[in-house]
Amino acid sequence: MGSKSGDQEQPIYSTRAHIFQIDPNTKKNWMPTSKHAVTVSYFYDSTRNVYRIISLDGSKAIINSTITPNMTFTKTSHKFGQWADSRANTVYGLGFSSEHHLAKFADKFSEYKEAARMAKEKSLEKMELASSPSQESPADIHSPLTPPVTADFCRINGTGDDVTLSDVSPNSMLQSDLSPTTPTLAHSPTTNKHWEAELAALKSNNAKLTAALLESTANVKQWKQQLAAYQEEAERLHKRVSELESQSSQTNVIKSQKTELNQTIEELECTLKAKEEEMVRLKEEVENAKQLQTQKDELTKKLEETDLRNKEFEEQLADLEQRLESSQVDQENLRKNLKTLLEILDGKIFELTELRDNLAKLIEDS
């Protein structure tokens, strides 16, 4: 059953992203479910006409979400998007390497969501046609005791999940619908033909209901079987890789694949190393910013102290200028006084010289 589903379901679009799930306790915080970017693929099951989003981390399925018409993919940032899966009772988040990859994934989500809606409508139409007899058939005249089977009653997993058919037996329905009409079958040939046609229509509906019930039961367990199929496929691929490595005739192919894988690993390691270096650089920048802030505070304090000292120096300078002006005035007065004294002294010296000359003459005369 698992291998059959794997053959019917094929990937139609793949990309790589970091996967997150909402914390079931807080319903707010994101929890990473993959340590690195993994492949996320859209799958299409042609038999069930169902679209799913699937991602495997090794042999573990970390996303298994069936796309329904009421789902919405929301872009919460340039590189992050999310959608809620009511069946899984969780919210998935995807972190992409670029805005382009996010936009591409969102476009595909809308496209397959619309396809799922159309598939659901077609399925409902088919069920309505299957549950209602053809207008050209004599069974088109419904008995008031046998209400038609509606599409709401026939919804199964994958087209609504509104009603589970396991509690309703088609055979019991057929018997309950036929039992009240049995006494009337002997009234007339026309009435007999009418009820024979009604019986044939009910048998047809019974067969279709039985098939729908079986399909519903299979769909309930489908995801487990498909998960087992994916795990088997992963193990098979691992074994196949081992076999290819052991076969010398395919050495070049293996080397090429190993080279690609090594290149991918190297790219991822380089990306991781770059991210780590960027984190270290950001931490250093934060530390430098803290140091610069401390230096700024110290310089601001010193600047304030310098401003205070400048004000004190300006006051002292003004005082010195005032004192200098006063000293210059005093010096000018002193110079004037000295000049006056010099003039008086010159006059006294001249007088003494004359007195000396006169005394000398008196001495000579005597």
Side-chain angles (χ1 to χ4, degrees), residues 17-18 20 22-23 25-32 34-37 74-82 91 93-103 106 266-366:
H18 292 269
F20 301 85
I22 202 71
D23 190 337
N25 297 322
T26 63
K27 298 295 184 181
K28 294 181 180 180
N29 302 325
W30 288 107
M31 300 188 304
S34 63
K35 296 181 180 179
H36 49 79
T74 305
K75 299 178 184 178
T76 56
S77 69
H78 294 301
K79 297 182 181 180
F80 192 87
Q82 66 183 53
V91 179
L94 298 180
F96 296 88
S97 60
S98 68
E99 186 176 357
H100 170 73
H101 289 88
L102 172 60
E266 289 176 359
E267 291 175 359
L268 292 174
E269 289 177 348
C270 291
T271 303
L272 180 61
K273 186 176 180 181
K275 294 294 183 183
E276 291 176 349
E277 291 177 352
E278 185 177 357
M279 288 179 63
V280 172
R281 182 179 61 80
L282 290 174
K283 288 181 180 178
E284 292 177 352
E285 288 181 357
V286 170
E287 294 295 330
N288 292 335
K290 290 181 179 178
Q291 294 178 1
L292 290 174
Q293 184 64 32
T294 303
Q295 294 177 359
K296 179 183 176 182
D297 294 339
E298 293 176 353
L299 291 174
T300 302
K301 187 176 180 181
K302 289 181 179 180
L303 182 60
E304 292 175 353
E305 294 176 354
T306 304
D307 290 339
L308 292 174
R309 292 179 63 186
N310 284 340
K311 289 180 180 178
E312 293 176 358
F313 286 147
E314 288 175 357
E315 292 175 356
Q316 292 178 3
L317 181 61
D319 184 53
L320 289 174
E321 287 177 350
Q322 186 177 1
R323 291 172 62 186
L324 179 60
E325 289 178 358
S326 176
S327 175
Q328 287 177 350
V329 172
D330 292 341
Q331 286 181 359
E332 184 64 23
N333 292 332
L334 180 60
R335 188 178 63 77
K336 290 179 180 179
N337 291 334
L338 287 174
K339 186 176 181 180
T340 303
L341 288 175
L342 286 173
E343 289 177 354
I344 295 172
L345 184 60
D346 286 341
K348 295 295 183 182
I349 291 173
F350 182 72
E351 290 177 356
L352 287 173
T353 302
E354 287 183 348
L355 179 60
R356 179 181 172 279
D357 291 340
N358 290 334
L359 288 175
K361 286 180 181 180
L362 287 175
I363 292 173
E364 288 178 357
D365 290 340
S366 62

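- Looking at heavy atoms from C-beta onward, Arg356 lies out of side-chain contact with Leu352 at the 4.5 angstrom threshold.
- The CG atom of Leu299 sits 12.0 Å away from the NZ atom of Lys301 when rounded to the nearest 0.5 Å.
- Between Glu364 and Lys361, none of the side-chain N atoms (NZ, or NE/NH1/NH2) sits under 4.0 Å from a carboxylate O, so this pair counts as no salt bridge.
- For NZ of Lys28, the number of neighbouring non-hydrogen atoms (other residues, nucleotides, ligands) closer than 6.0 Å is 12 at most.
- Taken from CD in Glu277 to SG in Cys270, the straight-line distance is 9.5 Å, to the nearest 0.5 Å.
- Separating the CG atom in Asn288 from the CD atom in Gln295 is a distance of 9.5 Å, to the nearest 0.5 Å.
- A donor-acceptor contact shorter than 3.5 Å links the side chain of Thr300 to the backbone of Lys296.
- Distance check: Lys348 NZ to Leu355 CG gives 11.5 Å after rounding to the nearest 0.5 Å.
- Considering every non-hydrogen atom in both Glu99 and Lys79, the closest pair reads N-CG, 4.1 Å.
- A distance-only check finds no donor-acceptor pair linking the side chain of Thr74 to the backbone of Thr76 [under 3.5 Å].
- Using a 4.5 Å heavy-atom cutoff, the side chains of Leu303 and Asp307 are in contact.
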(message) Between Glu332 and Arg335, is the salt bridge (Lys or Arg N to Asp or Glu O under 4.0 Å) condition met? List the steps.
(response) CA-CA 5 Å; Glu332 184 64 23; Arg335 188 178 63 77; 2.4 Å; yes
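- With Ser77 contributing its side chain and Phe80 its backbone, the two residues share a donor-acceptor pair below 3.5 Å.
- Panel note: side chain Asp319, backbone Glu315; no donor-acceptor pair is recorded below 3.5 Å.
- Under a cut-off of 6.0 angstrom, the local environment of CD in Glu343 is crowded, with over 12 non-hydrogen atoms contributed by other residues, nucleotides or ligands.
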(message) Between Thr340 and Ile344, does the side chain to side chain contact (heavy atoms under 4.5 Å, CB included) criterion hold? Intermediate values first, please.
(response) CA-CA 6 Å; Thr340 303; Ile344 295 172; 4.1 Å; yes
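- Of all heavy-atom pairs spanning Gly81 and Leu102, the tightest one is N-CD1, 4.0 Å.
- Counting heavy atoms from C-beta outward, His18 and Phe96 have side chains that stay 4.5 Å or more apart.
- Here the closest non-hydrogen pair linking Ala106 and Lys75 is CB-CE, 3.6 Å.
- Summarising the geometry, atom CD belonging to Glu269 is positioned 11.0 Å from atom NE2 belonging to His36; distances are rounded to the nearest 0.5 Å.
- For the atom pair CD of Gln291 and CD of Glu298, the computed distance is 10.5 Å after rounding to the nearest 0.5 Å.
- Considering all non-hydrogen atoms of both residues, Phe20 and Pro32 come closest at CD2-CA, 3.6 Å.
- Of all heavy-atom pairs spanning Ile22 and Met31, the tightest one is O-CE, 4.1 Å.
- Without hydrogens or angle criteria, Ser327 side chain to Arg323 main chain gives no donor-acceptor distance under 3.5 Å.
- Taking 4.5 Å as the limit, every side-chain heavy atom of Lys27 sits out of range of all side-chain heavy atoms of Asp23.
- The pair Arg281-Glu285 meets the salt-bridge criterion, since a charged nitrogen lies less than 4.0 angstrom from a carboxylate oxygen.
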